[in-house]
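Presented below is the structure to which this report refers.
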Amino acid sequence: MASQNPTVAAPVATPKKKKDEKISNVRGIRNAFFVIIACAIAAVCIFLFAMGAPGNFEGNDPAGHPINLAGTVYKGGFIVPILMTLFLTVIVLSIERWIAISSASGKGNTTKFVSDVKADLAMNNIDAAMQRCRDQKGSVAAVIYSTLVKYKEMDANTTLSKEQKLTTLRNEVEEATALEMPALSQNLPIVATLTTLGTLVGLLGTVMGMIKSFQALATSGSPDSTELSTGISEALVNTAFGIATGAFAVISYNFFTNKIDNLTYAIDEIGFSIVATFAATHN
């Protein structure tokens, strides 16, 4: 008699926990070091091959007098490519932050989104609010969605007290916000640093240019006009580049900081509404 293999009962498939949906889609450059290197290479190339082109000077000689603005800037000396690197870095990181914060704001108007979610909460329609988060995406939607998931968990929980549930919701808002905020403020400290660094490097170039000018005046007999003009050009060009870099960096930093503050305010507002709704609808 052929032996029969005992029938092994198929293991009961346990439902897998649904993986958290990707609501936040903040994009950005993770390592600004490569941006600085790329800007430095671009600045040196522009300085040497564009501004230092022979056609920008009398007699096609870079040692001669400049005949246009590019040649004049070239006379600013080796500080110019450094300042150009800082200026290009501010521009690139500003564009990068614009893209990142725009993606963090989501697909629609943030103010209207917050208002619609608050309306859903007022009607205790949590599923509709979660669907709005899926449609909106961005940092605000990600924080709200995470909090609403915890809201439903607390709603089904029968062991914790009401105060414990409210504390859990508040902690969820804080934790979700803490996860999103670094992505928003990333690279802004570099822009803030360039507000001062650009001005200081420009001032250094100015001082070096003035030193050359006074050296030309100190020569015996009539001063060397070429050396004098070169020193003055270096001083003025570096001053202009330093001021432009610092001013643009300040404007960029304050602009994006204000954008982040608005998103943070929206998160705080809707987070308070979620906690208040839970407190009002649960005993």
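Predicted model only: the values in this text are computed from it and were never measured.
Side-chain atoms of Met51 and Met84, non-hydrogen and from C-beta on, do get closer than 4.5 Å to each other. Side-chain contact check for Leu83 versus Val237: every heavy-atom pair is 4.5 Å or farther apart. Annotation: side chain of Phe272 is not in contact with side chain of Asp268 (no heavy-atom distance under 4.5 Å). Under the 4.5 Å side-chain criterion, counting only non-hydrogen atoms from C-beta, Met130 is in contact with Ile126. Side-chain contact between Thr277 and Tyr151 is present, with at least one heavy-atom pair separated by less than 4.5 Å. Between Glu269 and Val114 there is a side-chain heavy-atom pair separated by less than 4.5 Å. In this structure, Asn56 and Tyr74 have side chains that are not in contact, with every pair of non-hydrogen atoms separated by 4.5 Å or more. The shortest side-chain heavy-atom distance between Val80 and Val73 falls under the 4.5 Å cut-off.
Remark: side-chain polar atoms of Lys107 are not paired, donor with acceptor, to backbone N or O of Lys137 under 3.5 angstrom. In terms of modelled atom types and a separation under 3.5 Å, the side chain of Gln136 and the main chain of Gly108 share a donor-acceptor contact. Counting only distance, with no hydrogens or angles, the side chain of Ser146 and the backbone of Val143 share no donor-acceptor pair below 3.5 Å. Although no hydrogens or angles enter the test, the distance criterion places a donor-acceptor pair under 3.5 Å between the side chain of Lys162 and the main chain of Ala279. Under a 3.5 Å cut-off, the side chain of Thr196 and the backbone N or O of Thr193 do not form any donor-acceptor pair. At distances below 3.5 Å, at least one donor-acceptor pair connects side-chain atoms of Lys165 with backbone N or O atoms of Met154. At distances below 3.5 Å, at least one donor-acceptor pair connects side-chain atoms of Glu96 with backbone N or O atoms of Ile29.
Of the inter-residue distances, the one linking Cys39 atom SG with Leu86 atom CG reads 9.5 Å to the nearest 0.5 angstrom. Atom-to-atom distance recorded for Ile274:CD1 and Leu166:CG is 12.5 Å, nearest 0.5 angstrom. Note that CD of Gln186 is 11.0 Å distant from CD1 of Ile101, once rounded to the nearest 0.5 Å. Between the CG atom in Asn187 and the CG atom in Asn31 there is a gap of 8.5 Å [rounded to 0.5 Å]. Annotation: the span from Leu184 atom CG to Phe256 atom CZ amounts to 12.0 Å, rounded to 0.5 Å. Rounded to the nearest 0.5 Å, atoms OG1 (Thr177) and CD1 (Ile144) are 9.5 Å apart.
Linking Ile, Leu, Val, Met, Phe, Trp and Tyr residues whenever their side-chain heavy atoms come within less than 4.5 Å places Phe78 and Phe87 in a single cluster. Val117 and Val173 fall into different hydrophobic clusters, defined by Ile, Leu, Val, Met, Phe, Trp and Tyr side-chain heavy atoms under 4.5 Å apart, directly or through other members. Criterion: ILVMFWY side-chain heavy atoms under 4.5 Å apart, direct or through other members. Under it, Phe49 and Ile46 are part of a common hydrophobic cluster. Residues Leu179 and Met181 are members of separate hydrophobic clusters, defined by side-chain heavy-atom contacts under 4.5 angstrom among Ile, Leu, Val, Met, Phe, Trp and Tyr. Val90 and Ile37 fall into different hydrophobic clusters, where Ile, Leu, Val, Met, Phe, Trp and Tyr side chains are chained together by heavy-atom contacts under 4.5 Å.
In this structure, Arg132 pairs ionically with Asp120, as a charged nitrogen and a carboxylate oxygen lie closer than 4.0 Å.
Across Asp155 and Phe278, no two heavy atoms sit closer than the pair N-CE1, 4.0 Å. When all heavy atoms of Thr206 and Ala235 are compared, the pair lying nearest together is OG1-O, 3.3 Å. The shortest heavy-atom contact between Thr147 and Glu172 is CA-CG, 3.9 Å. Here the closest heavy-atom approach between residue Ser185 and residue Pro189 is recorded as O-CD, 3.3 Å. Taking all atoms of both residues into account, the shortest heavy-atom contact from Ser94 to Ser252 is OG-OG, 2.6 Å. In terms of heavy-atom proximity, Gly55 sits nearest to Asn68 at O-ND2, 4.4 Å.
Using cut-offs of 30° and 60° on the angle between ring planes, the pair Phe255 and Trp98 is parallel.
There is no side-chain donor-acceptor pair under 3.5 Å between Gln131 and Asp127.
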Would Asn171 and Glu175 count as a side chain to side chain donor-acceptor pair (under 3.5 Å) here? Give the steps.
CA-CA 6 Å; Asn171 291 339; Glu175 291 174 5; 5.6 Å; no
Ile260 vs Leu188, side-chain contact (heavy atoms from CB on, under 4.5 Å): CA-CA, chis, key distance, verdict
CA-CA 11 Å; Ile260 294 173; Leu188 280 183; 3.5 Å; yes
Can you check side chain to side chain donor-acceptor pair (under 3.5 Å) on Ser105 and Thr110, steps first, answer last?
CA-CA 6 Å; Ser105 300; Thr110 303; 4.5 Å; no
Show the numbers, then the answer: is there a side-chain contact (heavy atoms from CB on, under 4.5 Å) between Leu148 and Leu121?
CA-CA 10 Å; Leu148 291 176; Leu121 291 173; 4.0 Å; yes
In sequence, state the C-alpha distance, the side-chain angles, and the governing distance for Lys259 and Arg97, and then conclude on side-chain contact (heavy atoms from CB on, under 4.5 Å).
CA-CA 10 Å; Lys259 287 279 189 181; Arg97 281 298 87 194; over 6 Å; no
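The environment of CZ in Phe47 is crowded: more than 12 heavy-atom neighbours from other residues, nucleotides or ligands sit within 6.0 Å.
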